[in-house]
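Chain identifiers are assigned alphabetically (A, B, ...) following the order of the sequence lines, protein sequences preceding nucleic acid strands; residue numbering begins at 1 within each chain.
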Amino acid sequence: MFTLPKQTIALLLASFALSVEGSQEYRPTFAPGYQPDSSTDEGGLWYQFDKMEDGLSAAPDVIRDQGLNDYLSNITCKLEPNYCPYIRLYVIDNPHFNASMAPNGMMHIWTGLLLRVENEDELASVIGHELGHFLRTHSTQRWRKIRDGLSTAIFFDLLLTGGFASLLTAANFSGFNQSQETEADLYGIQLSSQAGYSPHASYRLWEHLQDEEELDTSKEKRSLFFATHPKIEKRITALKQHASNTPEDQHLLAESKARLVKTVSPFYFDLMSKHLLLQDFGRTEALLEKHRRMGYPEAQVEFFYAEMLRMRNLDGDKNVAVHHYKKSISAENPPAQAYRELGYILLKTNKVEALKMLKQYLEISPNASDSAMVKFYLGS
Amino acid sequence: MKTLTRYCSLSLLILLMSGCVSYKLINAGEVNIQGISFSTQEAWSQSPHNIGKYTTLMTRDGMGLNQLILVHGVPYGQAMFDSPNKDIPVPPFSQGLMPHELENLVKSSLINTNGGTLKISTDNLRPMQLDSGTGVAFDLEYFNQSGLLIKGKSIAAIKNDQLYVMILTAAKLEYYESYKEDFSAMVNSFRI
């Protein structure tokens with residue numbers, strides 16, 4: 001007799017549950033402009049987030065570029081025009097993949113997310129998901145559950161368990177629960193579909209992230225978003241099924257990709273420089289392959305490919321790095337650093353070529369702060 | 001009574017032992033520690049703790065506000081600092097490094113010994129001529145985990161196949177501005 005594996009049955013059940021839930025229309029649980037009474041527990045929670053938000057005004061890791069902020073705010077407003085005036089968006093300069101939304105309307109988008117989405121539709125699907133959590137007041141519900149759970153746990157701790165119960169409770173409530181995540185997913189799809197974005201973007205992003213995760217050599221370093229969200233395979237299957245009846249317009253998708261690349265490109269060099277510091281070489285390779293396909297500036301993509309290989313420094317990496325530095329400098333608008341790094345790497349094998357590259361670096365960047373170091377090699 | 005005597009003896013022993021672990025005053029002037037010498041205009045307090053077997057840590061106003069890290073005599077194949085995160089180990093000092101590569105080694109060692117959390121940027125890389133050969137000096141900057149901007153200066157050089165490094169850092173607000181001239185003088189007087 002043919003039997004399905006347990007995991008497949010679970011996936012089918014989850015997909016069925018989603019398809020049933022998917023047919024319903026989600027609505028916000030509060031009106032636009034809602035402010036809780038400051039004497040309530042919710043008012044206290046908002047106060048804490050307001051204080052946190054005040055701290056962001058001088059935070060060094062907030063990107064305040066008007067163009068980038070406007071671009072992300074416009075997507076948010078397109079997704080939910082009624083609540084848009086009450087949402088404040090902050091671009092956090094952090095190379096990890098994450099986005100979050102507080103109950104008071106403070107939204108965080110980490111730069112690691114910008115490097116991972118392939119088009120505006122994928123970005124809108126993440127923002128839509130976070131809006132789903134916000135509009136259904138999931139954070140407040142979760143906070144109340146933690147608070148109530150901890151009160152009970154502390155009572156048990158005092159009587160019986162010596163701290164174990166509260167530890168267990170805190171661990172169990174560290175993220176949204178499964179039904180809240182599903183609701184946020186479906187609400188997100190609802191918002192993005194209404195705004196004209198493709199529902200297919202919602203699972204495509206997770207597929208790319210799964211590919212990236214598989215290339216990561218250290219399985220312990222799961223991204224924060226993964227750590228607080230349900231199993232990725234389950235999510236992909238469910239979202240894919242939900243989007244299966246909607247055709248996708250390839251022309252619109254190409255435009256959506258072009259808009260994203262155009263907006264992020266001015267920040268690409270800085271964002272990738274910080275991403276490289278994470279030393280997730282497997283992930284970086286997957287990311288750069290994606291950026292190459294997407295059409296980020298070729299000279300920069302090749303430069304970072306070479307930098308990744310130089311830093312990883314496995315057998316043969318430096319030879320391949322030379323190839324990518326050369327591709328970088330033969331592409332349009334190469335970064336000056338490509339000449340310098342190619343020069344440095346060639347110093348041990350081809351001094352004539354190395355000195356030529358270092359000279360070119362100084363010609364392009366005569367006032368470089370490391371010119372004394374480069375001149376040292378040129379003079380030696 | 002016997003229990004009380006035992007308790008008092010144990011407490012006394014703990015007190016004596018904790019007395020052993022204390023900061024040591026390093027006077028201003030010419031300082032010579034584990035093969036590194038330099039001159040400083042103000043005194044330092046040497047910490048009883050370190051971040052690796054080849055390191056000496058000092059501060060003037062508290063480790064969170066300013067630090068002097070000396071790395072002395074790291075042989076090939078060994079790392080400058082301990083690795084708290086096995087996924088991103090502190091890179092070992094390897095044979096055949098050219099002077100400019102020391103900057104990257106120091107930078108990634110600092111990042112990795114802090115669990116990969118710091119985004120350190122370096123600037124003003126320049127060669128430094130020492131009796132032992134050519135070393136490098138550079139400036140560094142990062143925000144610590146509390147969001148405080150930290151600025152600093154470093155010098156690294158190799159002697160007899162061993163790595164020597166000095167890293168000076170201080171909170172930009174107040175401390176770096178007050179100490180930067182002394183930091184520069186310390187880097188310029190660095191000898192191994």
Side-chain angles (χ1 to χ4, degrees), chain A residues 52 55-62 92-96 111-112 216-222 270-271 273-283 307 310-313 318 337 340-341 343-349 351 354 358 361 367-380, chain B residues 83-92 94-105 107-130 133-151 155-156 171-173:
Chain A
M52 192 190 288
L56 285 177
S57 61
D61 48 0
V62 175
I92 309 293
D93 191 5
N94 188 318
H96 291 282
T111 49
D216 183 16
T217 45
S218 70
K219 299 297 173 195
E220 290 175 24
K221 282 189 288 178
R222 286 170 70 82
D270 190 42
L271 299 189
S273 301
K274 283 170 183 155
H275 172 84
L276 269 184
L277 294 179
L278 297 177
Q279 302 162 68
D280 280 343
F281 301 122
R283 284 176 189 275
E307 285 288 274
R310 180 182 65 78
M311 288 169 76
R312 189 173 69 180
N313 200 22
K318 284 202 170 154
Q337 293 91 327
R340 182 190 65 197
E341 293 307 323
Y344 278 157
I345 213 167
L346 287 174
L347 275 172
K348 289 172 188 168
T349 54
K351 202 166 178 188
L358 292 177
Y361 169 64
N367 301 318
S369 75
D370 61 348
S371 59
M373 189 77 243
V374 176
K375 282 176 187 162
F376 163 77
Y377 287 116
L378 289 175
S380 63
Chain B
S83 299
N85 183 344
K86 69 180 169 63
D87 288 331
I88 41 166
V90 175
S94 54
Q95 204 164 359
L97 285 186
M98 299 186 79
H100 71 277
E101 292 175 307
L102 295 177
E103 177 212 28
N104 253 322
L105 179 68
K107 180 177 161 180
S108 46
S109 298
L110 274 174
I111 291 172
N112 292 10
T113 200
N114 282 285
T117 53
L118 300 180
K119 288 181 259 180
I120 299 176
S121 60
T122 52
D123 196 22
N124 201 18
L125 176 67
R126 57 208 183 270
M128 294 291 283
Q129 288 307 323
L130 303 169
T134 305
V136 289
F138 55 94
D139 302 337
L140 55 120
E141 188 175 302
Y142 59 90
F143 288 96
N144 70 10
Q145 280 142 359
S146 315
L148 194 62
L149 178 59
I150 305 290
K151 290 189 77 161
I155 179 165
K172 182 181 179 291
L173 204 67

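Top candidate by heavy-atom pairs under 4.5 Å with chain A, chosen from B:D139, B:T134, B:L149, is B:T134. Comparing A:K348, A:K274, A:M373, A:M311 by how many heavy-atom pairs each has under 4.5 Å with chain B, the most go to A:M373.
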Verdict with supporting geometry, A:R310 and B:N104, side-chain contact (heavy atoms from CB on, under 4.5 Å): CA-CA 11 Å; A:R310 180 182 65 78; B:N104 253 322; 3.0 Å; yes
Test side-chain contact (heavy atoms from CB on, under 4.5 Å) applied to A:D61 and B:F143, step by step: CA-CA 9 Å; A:D61 48 0; B:F143 288 96; over 6 Å; no
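Annotation: side-chain hydrogen bond (donor to acceptor under 3.5 Å, both in side chains) contacts of B:S108 (sequence neighbours excluded): none.
Only the side chain of B:E101 comes within contact range of chain A, with heavy atoms under 4.5 Å apart. Heavy atoms closer than 4.5 Å to chain A are found nowhere in B:P91, neither backbone nor side chain.
Contact annotation for residues 115-127 of chain B against chain A (heavy-atom separation below 4.5 Å, listed by residue number): B:K119, B:I120, B:D123, B:N124, B:L125, B:R126, B:P127.
Other residues, nucleotides and ligands contribute over 12 non-hydrogen atoms within 6.0 Å of the CG atom of A:L378.
The shortest side-chain heavy-atom distance between B:N112 and A:Q279 falls under the 4.5 Å cut-off.
The aromatic rings of B:H100 and A:Y377 lie perpendicular to each other, with more than 60° between the two planes, well past the 30° mark.
Going from atom CG of B:D87 over to atom CG of A:L278 covers 12.0 Å, rounded to the nearest 0.5 Å.
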